[in-house]
Amino acid sequence: MPVLLEADKMGPVDVAVIAFEGSDFTGDVAPALADLQASGTVKVIDMAFVRKGADGSTSIAELADEPVAGAFRQLAGTQVELLSEADLADLAGALAPDSAAMVVVWENRWAARFASAIRESHGRVAMIERIPQENVERAINALEDESSAGAVEELATPERSAWYVRMVLCVSCLPFSRR
C-alpha cells in the first residue's frame with residue numbers, strides 16, 4: 001500500500017546528502033536513522049544511495065536494492081518516490097571518484113505540531129538555516145579564545161546583551177557572512 005502524506009499535518013521536510021569516503025555502503029548509520037524514526041523524531045519519506053567508482057562510473061541504489069536493502073530494511077516500507085533518477089544521476093556525477101552519498105528526505109516529526117500551529121495562524125517560516133557543525137565548533141572556539149573576549153566586550157552595550165554579541169560572533173562564522 002502506498003504511503004500517504006498529509007501536507008497540512010506534516011512537520012518541516014529536509015533533504016540531506018551525507019557524503020562518505022569510499023564507494024561501499026556499510027550500513028553503519030542505519031540503526032541510528034531507524035531509531036530516529038522509531039522514536040517519532042523523523043519520518044523517512046524517501047532515500048537513495050549514489051556512488052562514484054575510482055574509474056568514474058556511477059550507480060544509484062534504492063532501498064530495495066542490494067547491498068543496502070538488508071541494512072536499511074526497517075525503513076523500506078516508508079518510501080514515497082520524491083527523488084528523481086535524473087537528480088540522483090547528477091549528484092552521483094558530481095561526487096569525487098571513489099566516494100558515495102546517502103540521500104535522505106525526512107519529515108521532522110518532532111516539529112509537526114508546531115508547524116501545524118504556524119499554518120493555522122496563517123504564519124509561514126520566512127527563513128531557516130542549518131548551521132554546519134564545523135561552523136558551530138569555530139564559533140565556540142572563537143568565544144573561548146581570549147581575543148574574542150575583547151570583541152565581546154567591545155560589542156556589548158546596554159542595548160546589546162552578551163547573548164546578542166555571541167550570536168553576532170556565531171553568525172560571522174557562517175560561510176555566507178559578509179563580515
Side-chain angles (χ1 to χ4, degrees), residues 1-52 58-96 99-140 167 170-171 173-176:
M1 174 182 344
V3 176
L4 298 175
L5 300 176
E6 297 181 58
D8 61 331
K9 296 180 182 176
M10 290 181 68
V13 175
D14 289 337
V15 176
V17 177
I18 296 95
F20 297 97
E21 293 178 8
S23 58
D24 292 327
F25 293 108
T26 64
D28 291 346
V29 299
L33 187 55
D35 286 349
L36 286 172
Q37 180 157 291
S39 71
T41 303
V42 301
K43 177 181 180 180
V44 175
I45 298 171
D46 199 3
M47 190 171 185
F49 302 84
V50 296
R51 67 179 72 185
K52 188 175 208 176
T58 62
S59 64
I60 299 170
E62 300 287 338
L63 274 182
D65 300 336
E66 289 299 331
V68 296
F72 291 91
R73 70 182 169 277
Q74 295 165 312
L75 303 170
T78 64
Q79 299 301 291
V80 175
E81 298 294 326
L82 296 178
L83 299 168
S84 75
E85 292 288 326
D87 289 340
L88 293 170
D90 287 346
L91 178 60
L95 290 174
S99 64
M102 177 177 78
V103 184
V104 61
V105 180
W106 65 56
E107 173 195 2
N108 291 286
R109 301 293 303 265
W110 60 269
R113 182 171 176 240
F114 182 60
S116 184
I118 290 170
R119 287 187 293 272
E120 289 171 8
S121 67
H122 306 286
R124 66 180 179 82
V125 176
M127 186 194 94
I128 190 166
E129 179 73 31
R130 179 151 299 140
I131 300 171
Q133 179 64 28
E134 297 81 18
N135 293 0
V136 173
E137 288 174 17
R138 279 195 307 234
I140 290 169
M167 289 305 298
C170 186
V171 168
C173 291
L174 293 172
F176 56 81

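Since we're looking at a predicted model, the values are computed, not measured. All residue numbers in this chain count up from 1 along the given sequence.
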J.: Considering non-hydrogen atoms only, spot the tightest contact between Ala92 and Val50 and give its length.
T.: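 Taking Ala92 first and Val50 second, the nearest heavy atoms are CB-CB, 3.7 Å.
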J.: With the side chain counted from C-beta on, respond yes when Leu88 and Phe49 share a heavy-atom pair under 4.5 Å apart, and no when they do not.
T.: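 The answer is no, as the side chains (C-beta and beyond) never meet within the 4.5 Å cut-off.
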J.: How long is the span from the NE2 atom in His122 to the CZ atom in Arg124, to the nearest 0.5 Å?
T.: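 His122 NE2 to Arg124 CZ: 14.0 Å, rounded to 0.5 Å.
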J.: Quick one: are Val15 and Val103 in side-chain contact, heavy atoms under 4.5 Å?
T.: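 Answer yes - side chains close enough.
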J.: Counting only N and O atoms by type, is there a donor-acceptor contact under 3.5 Å from the side chain of Asn108 to the main-chain atoms of Pro12?
T.: yes
J.: State, to 0.1 Å, how close Met10 and Ala115 come at their nearest heavy-atom pair, and which atoms those are.
T.: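 So the two residues come closest at O-CB, 3.8 Å.
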J.: Mind running side-chain contact (heavy atoms from CB on, under 4.5 Å) on Val105 and Val13 for me, showing each step along the way?
T.: CA-CA 7 Å; Val105 180; Val13 175; 3.6 Å; yes
J.: Looking at every non-hydrogen atom in both residues, tell me the closest pair between Ile18 and Ala16 and how far apart they are.
T.: CD1-CB, 3.8 Å
J.: Can any side-chain N or O of Lys52 pair as donor or acceptor with the backbone N or O of Ser99 at less than 3.5 Å?
T.: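 Flag not set: sc Lys52 to bb Ser99 has no pair under 3.5 Å.
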J.: So which atom in Leu33 and which in Met47 form the shortest heavy-atom distance, rounded to 0.1 Å?
T.: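 In terms of heavy atoms, the two residues are closest at CD2-CE, 3.5 Å.
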J.: Of all heavy-atom pairs between Leu95 and Ala100, which one has the smallest distance, and what is that distance?
T.: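 Residues Leu95 and Ala100, closest heavy atoms: CD1-CA, 3.9 Å.
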J.: Does Lys43 offer a backbone N or O that forms a donor-acceptor pair with the side chain of Glu107 under 3.5 Å?
T.: no
J.: Would you please test Leu36 and Trp110 for side-chain contact (heavy atoms from CB on, under 4.5 Å) and show each step?
T.: CA-CA 10 Å; Leu36 286 172; Trp110 60 269; over 6 Å; no
J.: Which distance, rounded to the nearest 0.5 Å, do you find between the CG of Asp87 and the CG of Leu82?
T.: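 With rounding to 0.5 Å, CG (Asp87) is 11.0 Å from CG (Leu82).
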